[in-house]
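The next block holds one structure in the form of structure tokens; read it before the comments.
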Amino acid sequence: MSDDSRNEAEQRRRKLGELRCRGEAYPNTFRREDLAVDLANAYGELSKQALAETPVEVTVAGRVMLRRVMGKASFITLEDPSGRIQCYVRRDDVGEEGYADFRHLWDLGDIAGVRGTLMKTNTGELTVHAREAGLLVKALRPLPEKHHGLADRELRYRHRHLDLIVNEESRDVFRIRARLVTALRRFFDERGYLEVETPMMHPIPGGAAARPFVTHHNALDTNLYLRVAPELYLKRLVVGGFERVYEINRCFRNEGLSPRHNPEFTTVEFYQAFADYVDLMDLTEELLRELLQDVAGGTSITFEGREIDFGPAIPRRRMTTAVAAETGIAEADLLDETRLGEIARGMNISVEPDWGWGRLLMEVFEARVEANLVAPTFVTHYPLEVSPLARKSAEDPRLTDRFELFVAGREIANGFSELNDPEEQADRFARQAELKDRGDLEAMHYDKDFLAALEHGMPPTAGEGIGVDRLAMLLTDSSTIRDVVLFPQLRGTGGDES
RNA sequence: GGGUCGUUAGCUCAGUCGGUAGAGCACCGGGCUUUUAACCCGUUGGUCCUGGGUUCGAGCCCCAGACGGCCCA
């Protein structure tokens, strides 16, 4: 048993070697029959005496998180997916050899299985009194420090498995995220929306103003783009007669990393024929209340120390009104393109010559208003110039029937009445193509194939996209997207550097 | 891109004025048959992010860089 090496990893390898000598070191024959939380619920209230009089046989398994060795008897704390349970291992119960192995070959972080009877300790903790205790998996690397856990944010993202082993809060975040996605599906399924999967690889990137990732198909010898949005494909399905569709899946945008941006992120997009953007705002309110009820058990959440209540009707403000209210600038000045350009320059916005009134308004809104929209707010009447796929407003040709939802200063949803006039859509694409030729990297492509679909007739339709990661952030009080994405993109994790 | 803070043992972190590199946990050895972040005793473990510079002497001061956190654009 003597070994000069004091290196922990080497010690664990040595122990694994000894385990191999005893037989199968990584058995897959042990079957857990009881979870920690189930045992606590069923037997936690029973007295020490009651458990001693009527023994309950249990079989538990989990990772060894704590170990307290007291000579010829020991306590270990196992953690299974439901929670923790303590086990009492005694030499007199498991035998001389078994106990020696337990003492000298087991480490924190190993996975073990224990059979025995339930007991209560003198301090009242429900405990499995082991009759057999076996090591099922030897961990060759040590766990992070047992009390402080893994605090370094970067290590938590890079080694998410460790984060999940050690940080209960981190596990909770991803459980809540899963409940959120389940609730989204239920919401749309119950209302007759068909769940679909549209291509991730597009011959022409479309559906959003964003730079795409490019990849190459060898057999076809053609470039493909990872989708920036599923929009144009979902609308083709509406043309095809699937009048209510939704898709929950990944989008990819070739942009920088930030607390709010991961290159791949998840959205739910949904389309509904014979509806307009007002219907969608109503539906969105309903959706949010139902999600919060399901996931948070109420109508309000706490985010970054502030209470955000989705109970009351969500106010709907026109973009110009919102900008005027936030900046004190008269709405009449905002409506004048020349005047608005001066205002934007006065805010240190670097105005590009190609920008018209709509883009100017959007930039001013983003610079001055967006971050202040803490309570849920719908901003409506987006400029046509920045909404190339949205239906033109009947009241003002510079505007569209479009809204975005803001919560905690973040954009959560974007929806509009769809432009279903193929000729107008062709003109809008032409304008985008012009901007692209002039160097706008985010301008859209001219998509003839999509136009052909529109020419077959798309019913009057409204569509919306909601950021699932951002909803998850709200519901888990996470201020960075990295906390709600299991494996976020980090610097220096690339493969080949060229 | 700018500002700012940080990088020291496997993990969490100290490190005073520039003078031999520290603690807790983990690991190793010993003790302990109802413990609770068990405890007690004794060990082990270091590319102080990297490269220059100043100095008799640098974890500490200076310069440059890398990586990361946070804030801002």
Side-chain angles (χ1 to χ4, degrees), chain A residues 1-16 18 48-49 51-52 63-79 84-96 98-100 102-110 116-130 133 138-159 162-163 165-168 255-261 304 347-350 363 366-368 370-371 409 478-483 488-494 497:
Chain A
M1 199 67 69
S2 71
D3 192 312
D4 289 339
S5 173
R6 293 292 181 269
N7 177 288
E8 183 165 2
E10 287 174 31
Q11 290 291 346
R12 286 178 181 244
R13 294 238 178 233
R14 174 184 62 76
K15 292 173 184 177
L16 175 59
E18 300 212 14
K48 183 177 170 75
Q49 195 188 352
L51 282 167
R63 200 176 287 276
V64 181
M65 301 305 286
L66 295 171
R67 205 156 82 105
R68 295 175 287 280
V69 177
M70 305 161 300
K72 298 175 185 65
S74 302
F75 288 92
I76 56 172
T77 301
L78 295 185
E79 182 157 334
R84 293 184 173 197
I85 181 132
Q86 177 172 263
C87 300
Y88 181 49
V89 182
R90 223 166 50 154
R91 187 197 62 182
D92 294 351
D93 299 317
V94 301
E96 192 97 34
Y99 194 74
F102 165 80
R103 280 203 61 168
H104 297 292
L105 300 182
W106 292 34
D107 286 299
L108 294 182
D110 293 349
T117 55
L118 286 178
M119 61 172 252
K120 275 267 175 85
T121 63
N122 292 337
T123 49
E125 181 163 347
L126 188 68
T127 300
V128 179
H129 190 150
K138 182 74 206 163
L140 293 177
R141 295 171 185 263
L143 288 178
E145 205 263 352
K146 65 187 178 190
H147 182 54
H148 298 94
L150 193 61
D152 187 294
R153 299 183 75 89
E154 196 200 352
L155 288 179
R156 289 176 47 197
Y157 303 140
R158 281 193 200 280
H159 308 293
L162 275 182
D163 177 40
I165 289 172
V166 175
N167 295 322
E168 169 87 46
E255 295 162 355
L257 309 175
S258 88
R260 299 175 194 191
H261 299 92
E304 294 182 338
M347 293 174 176
N348 280 326
I349 296 170
S350 55
E363 295 285 338
E366 286 180 351
R368 286 304 178 85
E370 197 171 309
S478 302
S479 54
T480 165
I481 192 171
R482 291 176 171 187
D483 286 338
Q489 189 64 46
L490 302 169
R491 286 184 68 155
T493 47
E497 299 288 331

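Hydrogens, waters and symmetry mates are skipped; everything else that's a heavy atom, side chains included, is used. In what follows, chains are A, B, ... by sequence order, proteins preceding strands, each numbered from 1.
The two atoms that bring A/V94 and A/A133 nearest to each other are CG1-N, 4.5 Å, heavy atoms only.
Atom pair A/Q49:CD and B/U34:C1' shows a separation of 17 Å (rounding to whole Å applied). When rounded to the nearest whole Å, the span between CG of A/N122 and P of B/U34 equals 8 Å. The nearest whole Å value for the distance from the CG atom in A/L16 to the C1' atom in B/C27 is 17 Å. Remark: P of B/G68 and CZ of A/R153 are 14 Å apart, rounded to the nearest angstrom. Atom NZ in A/K15 sits about 12 Å away from atom P in B/A26, given to the nearest Å. Rounded to whole Å, the distance from CG on A/L66 to C1' on B/A37 is 7 Å. As a whole-Å value, the separation of A/M347 CE from B/A73 C1' is 16 Å. One atom, NE2 of A/H147, and another, P of B/U12, lie 13 Å apart when rounded to the nearest Å.
Between the side chain of A/Q86 and the base of B/U35, at least one donor-acceptor pair of N or O atoms lies under 3.5 Å.
Separation of the C1' atoms belonging to B/C11 and B/G2 is 34 Å when rounded to the nearest angstrom. Taking atom P on both B/C25 and B/A37, the two are 13 Å apart, rounded to the nearest angstrom. With C1' as the reference atom, B/C13 and B/G46 are 15 Å apart, rounded to whole Å. Nucleotides B/G30 and B/U35 have their P atoms positioned 24 Å apart, rounded to a whole Å. Only the C1' atoms considered, B/U43 is 16 Å distant from B/A23, to the nearest whole Å. A gap of 4 Å separates the C1' atoms of B/U8 and B/C48, to the nearest Å. The separation of B/G57 from B/C17, taken at their C1' atoms, amounts to 14 Å, rounded to a whole angstrom. Taking atom P in both B/U54 and B/A58, one finds a spacing of 11 Å when rounded to whole Å.
With a 3.5 Å ceiling on both atom-pair distances, B/A9 lacks any Watson-Crick or G-U wobble partner. In a base pair of the Watson-Crick type (N1 to N3 plus N6-O4 or O6-N4) or a G-U wobble (N1-O2 and O6-N3), with each distance short of 3.5 Å, B/C61 is matched with B/G53. Base pairing of B/U4 is made with B/G69, judged by Watson-Crick or G-U wobble geometry with both donor-acceptor distances under 3.5 Å. Shown here, B/U44 forms no base pair; nothing in the strands shown gives a Watson-Crick or G-U wobble contact with both key distances under 3.5 Å. Pairing of B/G18, defined by two Watson-Crick or G-U wobble distances under 3.5 Å, is not identified with any nucleotide. When both pairing distances are held under 3.5 Å, B/U33 makes no Watson-Crick or G-U pair with any nucleotide shown.
Using a cutoff of 4.0 Å between basic side-chain nitrogens and carboxylate oxygens, A/E10 and A/R14 are not scored as salt-bridged.
The 12-atom threshold is not exceeded at CG of A/N348, counting heavy atoms of other residues, nucleotides or ligands nearer than 6.0 Å. Within 6.0 Å of atom CZ in A/R68, more than 12 heavy atoms from other residues, nucleotides or ligands are found, so the atom counts as buried in its surroundings.
Of the candidate nucleotides B/G68, B/U12, B/C32, B/G68 has the atom nearest to the side chain of A/R158. Residue A/H104 has its side chain nearest to B/G30 when only B/G30, B/U12, B/U35 are considered. Of all nucleotides listed (B/A26, B/G68, B/U35), B/G68 comes nearest to the side chain of A/E154. Of the candidate nucleotides B/U33, B/C32, B/C11, B/C11 has the atom nearest to the side chain of A/E145. Taking only side-chain atoms of A/H148, from C-beta outward, the nucleotide of B/C13, B/U33, B/A37 with the closest atom is B/A37. Proximity note for A/R14 (side chain, C-beta onward) versus B/C28, B/U34, B/C11: the nearest is B/C28. Side-chain atoms of A/E8 lie closest to B/C27 of the nucleotides B/C27, B/G69, B/U12.
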Practice item. Show your reasoning for whether side-chain contact (heavy atoms from CB on, under 4.5 Å) applies to A/L105 and A/K138. Key: CA-CA 9 Å; A/L105 300 182; A/K138 182 74 206 163; 5.6 Å; no

Point to revise | Derivation and outcome, side-chain contact (heavy atoms from CB on, under 4.5 Å), residues A/T127 and A/L118 | key: CA-CA 6 Å; A/T127 300; A/L118 286 178; over 6 Å; no

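Looking at heavy-atom distances under 4.0 Å, A/R103 makes contact with a base. Across all strands, A/N348 comes closer than 4.0 Å to no nucleic acid atom at all (heavy-atom distances).
OP1 or OP2 of B/U34 has not a single side-chain nitrogen or oxygen of A/K72 nearer than 4.0 Å. Listed pair A/R12 / B/G10 fails the phosphate criterion, with no side-chain N or O lying under 4.0 Å from OP1 or OP2. Between B/A38 and A/R68, a contact under 4.0 Å exists linking OP1 or OP2 to a side-chain N or O. Phosphate proximity of B/A26 to A/K146: present, with a side-chain N or O under 4.0 Å from OP1 or OP2. Proximity of A/R67 to the phosphate of B/U35: no side-chain N or O atom is located under 4.0 Å from OP1 or OP2.
Both A/P259 and A/K48 lie close to RNA chain B; mapped to their nearest nucleotides by heavy-atom distance, the more 5′-ward contact belongs to A/K48. Toward the 5' end of RNA chain B, the nearer of the two residues A/G71 and A/F75, judged by each one's closest nucleotide, is A/G71.
Side chain of A/R67 to main chain of A/I76: no donor-acceptor pair is present (N/O by atom type, distance under 3.5 Å, no hydrogens or angles).
Between A/Y99 and A/R103, the side chains place no donor N or O within less than 3.5 Å of an acceptor N or O (distance only, hydrogens not considered).
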